[in-house]
J.: 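Let me begin by handing over the structure; questions about it come next.
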Amino acid sequence: MNRIDALFNRKKGDILSLYMTAGFPELDDTVRIISLLESAGVDMIEIGMPFSDPLADGPVIQESSQRSLENGMSLKLLFEQLKDIRKSVEIPLILMGYLNPVMQYGIEKFVSDCKEIGIDGLIIPDLPLHEFRVDYKSLFDKNGIHMIMLITPQTTQERILEIAELSGGFLYVVADSSTTGVKSGIAEAQLSYFKMIKEMEIKVPRMIGFGISDAETFQTACSYANGAIIGSAFIKSLSGIKDSGLETVIHRFVHSIRSTN
Amino acid sequence: MKHKGKFRADEKGYYGPYGGAYIPEMLYPNVKELEDKYESIIDSEAFRKEFSETLRDYVGRPTPLYLAKRLSDHYGTNIYLKREDLNHTGAHKINNTVGQIILARHLGKKRIIAETGAGQHGVATATVCALAGLKCIVYMGALDVERQAPNVRKMEMLGAELRPVHSGNKTLKDATNEAIRDWINNPVDTHYIIGSVVGPHPYPTMVARFQSVISEEMKVQLSEKTGREFPDYIIACVGGGSNAAGAYYHFLDNEAVKLISVEAAGKGLDSGMSAATSTLGTDGIIHGSKTLLMQDEDGQITEPYSISAGLDYPGVGPLHAWLGKSGRSEVINITDDEALKAAYLLTRMEGIIPAMETAHALAALEKQSFAREDVVVVNLSGRGDKDMDAYSNNLRNDISNE
């Protein structure tokens with residue numbers, strides 16, 4: 001069974017997913033950070049594939065991508081780094097990135113490498129629904145890899161249903177109309193949007209992301225969805241951290257999110 | 001009126017394999033609203049009246065179609081210049097911004113954003129925002145802000161808020177990313193005036209329609225001057241490709257008209273410093289559109305180079321990718337040096353200082369052989385005021401042909 005599905009079967013709420021940029025802060029940190037996140041008790045990890053032109057990302061993730069590219073990261077190298085990841089890591093792993101590098105890598109080879117390594121899902125925000133349905137869906141289905149799709153506060157109810165139908169693993173509920181890491185906190189209007197989504201009784205699990213940065217926002221998100229995703233706040237905590245400091249920083253960060261005071 | 005034909009976009013915005021709307025869901029409602037509404041608005045009587053009156057009384061259209069006699073003698077053919085340089089603000093860019101500002105008002109938008117490279121589109125946007133009394137924010141790469149001081153000052157005087165972009169390479173590509181991010185963060189009250197026939201559907205089609213006034217006028221002017229309403233050749237420079245799209249628009253389906261698209265070869269095709277996207281680029285996604293682009297083997301978008309700031313865009317409009325691929329247009333690459341020579345030749349023979357972008361189109365005249373009776377139209381997309389520093393620095397170049 002796909003590890004994302006197994007996770008949601010086993011655990012219904014308070015699911016914590018963290019976003020990290022591959023090859024950041026240092027080129028060879030990718031595997032180490034994944035392992036540390038798992039040991040710190042994170043339920044799922046989104047591994048960002050860096051791109052020169054990340055349209056949906058705010059400054060924090062943009063800078064981490066740029067740094068990663070300067071470090072020498074590429075898709076080829078990422079697959080190389082992740083080659084043996086399933087010997088040690090059991091939680092679901094998702095690759096997140098933009099369509100162009102995937103296209104250049106070759107979509108069929110990309111999917112087959114993902115399968116071989118044990119990647120469970122993909123998030124490619126700039127792959128349109130129509131093109132996914134027509135050109136890509138059967139390839140992903142055949143290889144047992146979920147394509148996770150996004151909805152936003154501006155998405156109409158009709159379209160939410162359409163997207164939820166196609167989204168594999170879970171539905172990514174973007175908390176606010178924004179790029180990543182730009183707005184923080186959760187406003188009143190967002191709560192009614194979360195509530196509306198909750199009441200739609202969508203079959204696929206829901207994870208809330210964008211603007212989730214601490215224990216408080218995590219808890220709020222979890223009361224409306226199966227869990228939440230944190231990206232920019234985590235990336236920010238990593239910047240400037242050298243090898244020996246990673247363990248402390250990562251454990252402290254995850255603990256701070258999980259703590260309910 | 002919607003045009004149909006082999007070189008028109010289908011309903012998803014594809015020109016052959018190119019185009020579409022490769023955008024994150026956060027941008028979908030904005031783009032969808034535009035897609036759903038723009039055609040009925042721009043086809044309405046009220047819009048058409050205001051658009052054509054503004055082009056006539058404010059922009060100064062129609063622009064002349066001028067028979068350049070000395071240049072024609074020099075090349076042994078009949079060369080007509082479509083004088084887009086005589087538009088208000090000095091280039092074709094304003095045709096599009098006038099159309100989009102009227103559209104934005106019909107859509108009820110209160111806030112306008114735009115990207116700019118050399119600053120021409122930024123100035124054209126700031127101009128129409130002043131005219132319409134709308135708030136204007138222009139994103140410009142931090143490097144370009146330094147390089148294009150006169151246009152920066154113009155935008156500021158026109159009341160635009162200029163936001164220097166420090167991400168990526170700090171040039172046009174990054175300014176475009178930042179404008180798109182602004183639109184994601186301001187989905188309700190904002191209209192994004194993109195400056196060329198690039199970006200997600202419906203922008204390439206919409207911008208081409210606003211620019212199509214160029215070829216619409218050409219038809220009338222050609223039949224007055226030559227007795228035939230189409231030329232043998234149209235030559236235009238292509239960065240994103242909006243002036244070329246406008247000059248080609250009404251002739252796309254008439255294959256008797258040869259279309260010559262001129263791209264910037266910078267310091268040479270093999271130099272690693274060029275913006276020859278159609279020749280050196282490969283299929284990919286940039287700014288929401290599937291098209292040809294300059295990228296490395298990992299799919300990271302690379303920074304192009306040209307002496308002309310208006311041509312150094314790493315992509316090309318999907319229409320042009322398709323015209324080139326299908327063989328409808330011929331793509332010619334012109335180096336910095338060839339463009340400089342052509343600029344001097346036009347200036348000394350006709351008393352017209354062209355924009356550096358336009359100089360590339362003029363340089364293509366050297367590479368083509370024409371029959372004595374051929375009618376050749378060069379789209380003179382802009383004037384050279386903004387390029388005087390670059391021209392002065394190269395003033396010592398000889399003009400051997402004279």
Side-chain angles (χ1 to χ4, degrees), chain A residues 49-59 62-63 65-66 68-69 72-78 97-106 110 123-132 134-135 149-156 159-160 163 167 172-174 176-180 182-183 210, chain B residues 11-14 17 19-33 165-170 173-190 199-201 282-291 293-303 314-315:
Chain A
M49 306 177 279
F51 180 44
S52 55
D53 295 75
L55 277 186
D57 287 302
Q62 280 175 47
E63 277 160 31
S65 294
Q66 204 173 336
S68 161
L69 291 172
M73 186 42 90
S74 66
L75 261 185
K76 209 169 140 199
L77 182 59
L78 177 60
Y98 293 82
L99 185 56
N100 195 54
V102 174
M103 265 178 71
Q104 305 315 316
Y105 192 81
F110 179 80
I123 303 175
I124 302 180
D126 60 345
L127 174 59
L129 214 54
H130 173 77
E131 279 73 5
F132 170 67
V134 175
D135 299 332
M149 302 216 159
L150 278 60
I151 61 166
T152 82
Q154 304 290 323
T155 311
T156 60
R159 187 167 165 87
I160 290 174
I163 292 174
S167 192
Y172 194 132
V173 180
V174 175
D176 203 349
S177 305
S178 73
T179 43
T180 54
V182 169
K183 298 173 186 172
F210 288 44
Chain B
E11 61 175 20
K12 295 256 172 229
Y14 281 95
Y22 290 79
I23 49 170
E25 188 61 26
M26 289 76 96
L27 209 54
Y28 180 83
N30 311 22
V31 170
K32 177 76 175 151
E33 181 191 20
V165 174
H166 295 275
S167 60
N169 296 307
K170 306 180 183 18
K173 158 177 94 75
D174 310 288
T176 308
N177 290 337
E178 215 49 55
I180 293 173
R181 290 183 189 118
D182 179 306
W183 209 21
I184 290 175
N185 284 288
N186 298 281
V188 179
D189 67 340
T190 298
H201 175 65
T282 49
D283 288 5
I285 311 283
I286 182 171
H287 298 139
S289 183
K290 184 187 273 189
T291 187
L293 59 128
M294 307 283 270
Q295 55 185 328
D296 66 18
E297 57 175 22
D298 297 323
Q300 308 297 343
I301 298 172
T302 53
E303 185 65 15

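Reminder, nothing fancy here: chain letters follow the sequence lines and each chain counts from 1. All values reported here derive from a predicted model rather than from experimental measurement.
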J.: What residue, out of P50(A), P125(A), P59(A), has the most heavy-atom pairs lying under 4.5 Å from chain B?
T.: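 Of P50(A), P125(A), P59(A), P125(A) has the most heavy-atom pairs under 4.5 Å with chain B.
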J.: Check whether E297(B) gets within reach of chain A through its side chain, its backbone, both or neither, counting any heavy atom under 4.5 Å.
T.: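 Only the backbone of E297(B) comes within 4.5 Å of chain A.
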J.: Counting heavy-atom pairs under 4.5 Å with chain A, which one of D174(B), T302(B), I285(B) comes out on top?
T.: I285(B)
J.: In terms of heavy-atom proximity below 4.5 Å to chain B, should Y98(A) be classed as side chain, backbone, both, or neither?
T.: neither
J.: Who are the side-chain hydrogen bond (donor to acceptor under 3.5 Å, both in side chains) partners of D283(B), not counting sequence neighbours?
T.: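 Residues passing side-chain hydrogen bond (donor to acceptor under 3.5 Å, both in side chains) with D283(B): Y18(B).
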J.: Mind checking the CG-CE spacing from L150(A) to M26(B)? Nearest 0.5 Å is all I need.
T.: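 The CG atom of L150(A) sits 5.5 Å away from the CE atom of M26(B).
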J.: Which heavy-atom pair separates N100(A) from G299(B) by the least distance, and what is that distance?
T.: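 Distance-wise, the nearest heavy atoms are ND2-O, 2.9 Å.
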J.: Check whether any side-chain heavy atom of Q300(B) sits under 4.5 Å from a side-chain heavy atom of M73(A), and report yes or no.
T.: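 Contact flag for Q300(B)/M73(A) side chains = no.
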J.: Non-hydrogen atoms of chain B under 4.5 Å away: do they reach the side chain of Y105(A), the backbone, both or neither?
T.: neither
J.: Chain A heavy atoms under 4.5 Å from L293(B): which part of the residue, side chain, backbone, both or neither?
T.: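 The side chain, not the backbone.
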J.: Non-hydrogen atoms of chain B under 4.5 Å away: do they reach the side chain of D57(A), the backbone, both or neither?
T.: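 Backbone of D57(A) only, per the 4.5 Å heavy-atom cut-off to chain B.
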J.: Under 4.5 Å from any heavy atom of chain B, what part of I124(A) do you find: side chain, backbone, both or neither?
T.: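 When you check distances to chain B, no heavy atom of I124(A) falls under 4.5 Å.
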J.: Determine whether a donor-acceptor pair (N or O, by modelled atom type, separation under 3.5 Å) exists between the side chain of S52(A) and the backbone of I301(B).
T.: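 Pair found, side chain donor or acceptor close to backbone of I301(B).
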J.: For E25(B) and I163(A): C-alpha separation, side-chain torsions, deciding distance, then whether side chain to side chain contact (heavy atoms under 4.5 Å, CB included) applies.
T.: CA-CA 10 Å; E25(B) 188 61 26; I163(A) 292 174; 3.7 Å; yes
J.: With a 4.5 angstrom heavy-atom cut-off, could you sort out which part of Q154(A) is near chain B: side chain, backbone, both or neither?
T.: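 Both backbone and side chain.
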J.: For Q62(A) and S167(B), work out which heavy atoms get closest and say how close.
T.: OE1-CB, 3.3 Å
J.: Tell me which of these, L127(A), V174(A), T152(A), D176(A), has more heavy-atom pairs under 4.5 Å with chain B than the rest.
T.: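 So the answer, after comparing L127(A), V174(A), T152(A), D176(A), is T152(A).
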J.: Taking every non-hydrogen pair under 4.5 Å, which of K76(A), M149(A), E63(A), H130(A) racks up the most with chain B?
T.: H130(A)
J.: Would you say the side-chain atoms of D298(B) pair up with the backbone N or O of L75(A), donor to acceptor, closer than 3.5 Å?
T.: no
J.: Taking side chain as everything from C-beta outward and backbone as N, CA, C, O, which of these in I180(B) sits under 4.5 Å from a heavy atom of chain A? Side chain, backbone, both or neither.
T.: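 Side chain only.
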J.: Side chain, backbone, both or neither: which part of L129(A) has a non-hydrogen atom closer than 4.5 Å to chain B?
T.: neither
J.: Can you name the residues that form a side chain to side chain contact (heavy atoms under 4.5 Å, CB included) with P128(A), not counting sequence neighbours?
T.: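 P128(A): side chain to side chain contact (heavy atoms under 4.5 Å, CB included) contacts with E131(A), Y22(B).
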J.: Among S177(A), P153(A), S178(A), find the residue that satisfies the side-chain contact (heavy atoms from CB on, under 4.5 Å) test when tested with P187(B).
T.: S177(A)
J.: Counting heavy-atom pairs closer than 4.5 Å to chain A, which one of Q295(B), R181(B), H166(B) comes out on top?
T.: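 Option with the greatest count: R181(B).
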J.: Non-hydrogen atoms of chain A under 4.5 Å away: do they reach the side chain of K32(B), the backbone, both or neither?
T.: neither
J.: Kindly give the heavy-atom pair with the smallest separation between L55(A) and I184(B), and that separation in Å.
T.: O-CD1, 3.8 Å
